[in-house]
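Following: one structure in structure tokens, then a few remarks.
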Number of protein chains: 2
Amino acid sequence: MAPTTETLTAERILEATEEVLRRYGPAKATVVDVARSLGVSHGSVYRHFRTKAVLREAVTRRWLDRTTEVLAGIAAGDGDPETRLRDWLAALFAAKRRKAGGDPELFATYRVLAGEAGEAVGEHIGELIGQLAVIIRAGVDTGVFTSADPATTAAAVFHATDRFHDPCHAREWELPEIQGEFEAVVHLVVRGLRAA
Amino acid sequence: MAPTTETLTAERILEATEEVLRRYGPAKATVVDVARSLGVSHGSVYRHFRTKAVLREAVTRRWLDRTTEVLAGIAAGDGDPETRLRDWLAALFAAKRRKAGGDPELFATYRVLAGEAGEAVGEHIGELIGQLAVIIRAGVDTGVFTSADPATTAAAVFHATDRFHDPCHAREWELPEIQGEFEAVVHLVVRGLRAA
DNA sequence: CAGCTGACAGATATTGAAATCTGTCAGCTG
DNA sequence: CAGCTGACAGATTTCAATATCTGTCAGCTG
């Protein structure tokens with residue numbers, strides 16, 4: 001498709017793979033398609049990624065990391081912890097909702113990839129819970145939150161809000177009442193964190 | 001299969017449909033199979049259920065109602081509301097986990113049916129949230145809980161625990177850490193309900 | 001005549017042969 | 001000689017022919 005003289009790098013292959021996935025979807029995107037779009041033989045792709053699964057997982061990881069970075073900025077902020085927590089949860093929900101609603105096909109594609117990816121998703125969730133733990137610890141330190149074990153509490157906050165970030169609930173994010181439900185859950189969770 | 005002299009009733013058709021679904025799964029269970037297992041022609045089945053979709057939804061409703069009944073007993077209890085809430089949530093989670101883990105194929109079958117059913121699932125969820133609202137109102141009345149609007153709060157409690165009852169999370173119910181996660185979320189939610 | 005049957009039209013699912021893909025590797029090329 | 005190619009074996013997917021199913025209804029049966 002686009003025969004270039006440039007060197008074939010892992011980076012260029014990942015870019016091309018993302019493009020092919022966007023165009024053909026997860027079921028029909030093949031390694032041969034990726035090679036074709038780079039103007040090389042598929043054997044060359046296998047030089048950089050041992051298998052198709054490894055290539056796909058690398059694409060998934062990239063995609064997940066983009067979300068992580070944005071939220072890391074909020075978690076590392078220095079404002080009042082309760083506001084930071086609310087902002088973080090709202091940002092996560094908004095990002096997910098935007099992706100799912102804005103380009104449903106691409107979102108569906110990444111949902112399939114995430115289902116295939118072995119470690120990647122678990123690690124991503126671990127990072128997000130780690131960010132929540134930072135916020136909660138900050139709250140405990142300033143005396144606005146209570147928690148015997150911030151890591152466990154962070155996981156609880158993450159799971160209590162699963163409905164608003166786990167892709168398996170994506171269909172429900174279109175419902176008109178979803179924003180109210182989100183606010184009610186956040187209200188309940190924040191109350192549960194407050195120092196007695 | 002079992003030609004009986006008994007009258008053909010909606011009840012008997014539902015029973016046979018459940019059996020056929022259990023045996024063949026949701027993809028291969030046909031109206032013809034149901035009729036065959038009752039020893040009648042498929043035209044007779046259509047006399048009681050206008051379409052295959054209506055028949056399947058009726059089966060789904062039956063299945064959902066079995067869960068509702070068990071929990072209604074707990075919700076209507078007269079013990080301390082916090083304990084009642086904990087028991088109710090634990091019973092819901094235990095029931096789901098037992099069904100999903102005990103007979104995964106049957107559970108997968110009902111998951112497909114629930115996905116097809118239009119109103120049925122929404123109504124079922126509405127009933128469960130209604131039961132939670134009863135418990136929360138009891139807690140507000142006795143002064144152990146605080147809630148400006150028990151109906152909204154009940155929905156928030158239900159959604160905060162989605163991870164532990166929504167079938168889309170069924171795979172995670174096998175994880176060893178799930179029980180701890182459940183307890184952490186319940187702890188957080190109960191704290192959020194307590195009167196300040 | 002109330003309830004059931006079975007043939008039918010259009011929609012959907014199954015099947016198996018042909019096409020394509022994955023992953024490997026010996027050898028070509030710059 | 002480092003990096004790429006393209007043919008290959010076995011696995012997977014596609015596609016079109018074939019079979020089955022859904023929903024209807026005129027007519028049979030007890």
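The model shown is predicted, which means the values in this text are computed figures rather than measured ones. Labels below follow one simple rule: chain letters A, B, ... track the order of the sequence lines, proteins then strands, and each chain is numbered from 1.
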**Prompt:** If you look at every strand shown and take non-hydrogen atoms under 4.0 Å, does A:T30 touch a base, only sugar-phosphate, or nothing?
**Reply:** sugar-phosphate
**Request:** Please check if the distance between the ring centroids of B:F182 and A:H159 is under 6.0 Å.
**Result:** no
**Fill in**
The reported gap from OG1 in A:T9 to CG in A:L14 (rounded to nearest 0.5 angstrom) is 8.0 Å
**Item:** Side chain of A:R47 (C-beta onward), nearest among D:dG23, D:dG3, C:dT5
**Value:** D:dG3
**Fill in**
Separation of D:dC4 atom P from A:F49 atom CZ, nearest Å, is 13 Å
**Request:** State which of D:dT5, D:dC21, C:dT22 makes the closest approach to the side chain of B:D33.
**Result:** D:dC21
**B:R111 to B:F107 six-membered ring, cation-pi geometry met (6.0 Å, 45°)** = no
**Item:** Distance-only donor-acceptor test (3.5 Å): side chain B:H42, base D:dG23
**Value:** yes
**Asked** Rounded to whole angstrom units, what separation is found between the CZ atom of B:R56 and the P atom of D:dC21?
**Response** 13 Å
**Asked** For B:G43 and B:K28, take the nucleotide of DNA chain C holding the closest heavy atom to each; which residue's nucleotide lies nearer the 5' end?
**Response** B:G43
**Nearest-Å distance for atom pair CZ/C1', residues B:R36 and D:dC21** = 11 Å
**Message:** As an exercise, state the distance from NE2 of A:H169 to SG of B:C168, rounded to the nearest 0.5 Å.
**Reply:** 4.0 Å
**Prompt:** Are A:Q179 and A:E183 linked by a side-chain donor-acceptor pair shorter than 3.5 Å?
**Reply:** yes
**Asked** OG1/B:T146 to CD1/B:I136 distance, rounded to the nearest 0.5 angstrom?
**Response** 11.5 Å
**Message:** Heavy atoms from C-beta onward define the side chain here; which of D:dC4, C:dG23, D:dT14 lies closest to that of A:L8?
**Reply:** D:dC4
**Request:** Between D:dT14, C:dG23, D:dT22, spot the one nearest the side chain of B:V31, thanks.
**Result:** D:dT22
**Prompt:** Is the distance from OP1 or OP2 of D:dT5 to the nearest side-chain N or O of A:S44 less than 4.0 Å?
**Reply:** yes
**Atom-to-atom span, NE2 of B:H48 to P of C:dT5 - whole angstrom** = 11 Å
**Message:** Can you measure A:K52 atom NZ to C:dT22 atom C1' for me and round it to whole angstrom units?
**Reply:** 8 Å
**Prompt:** When the distance from CG of A:L55 to P of C:dT22 is rounded to whole Å, what number comes out?
**Reply:** 10 Å
**Asked** What integer distance in Å separates B:E116:CD from C:dT12:P?
**Response** 14 Å
**Message:** Whether B:R50 engages the ring of B:Y46 as a cation-pi pair (distance to the six-membered ring centre under 6.0 angstrom, angle to the ring normal within 45°) should be assessed.
**Reply:** no
**Message:** Using the side-chain heavy atoms of B:V40, tell me which of these nucleotides is nearest: C:dT5, D:dT5, C:dT22.
**Reply:** C:dT5
**Prompt:** In dot-bracket, 5' to 3', how would DNA chain D read with Watson-Crick or G-U wobble pairs under 3.5 Å, [ ] for crossing ones and | for pairs to another strand?
**Reply:** ||||||||||||||||||||||||||||||
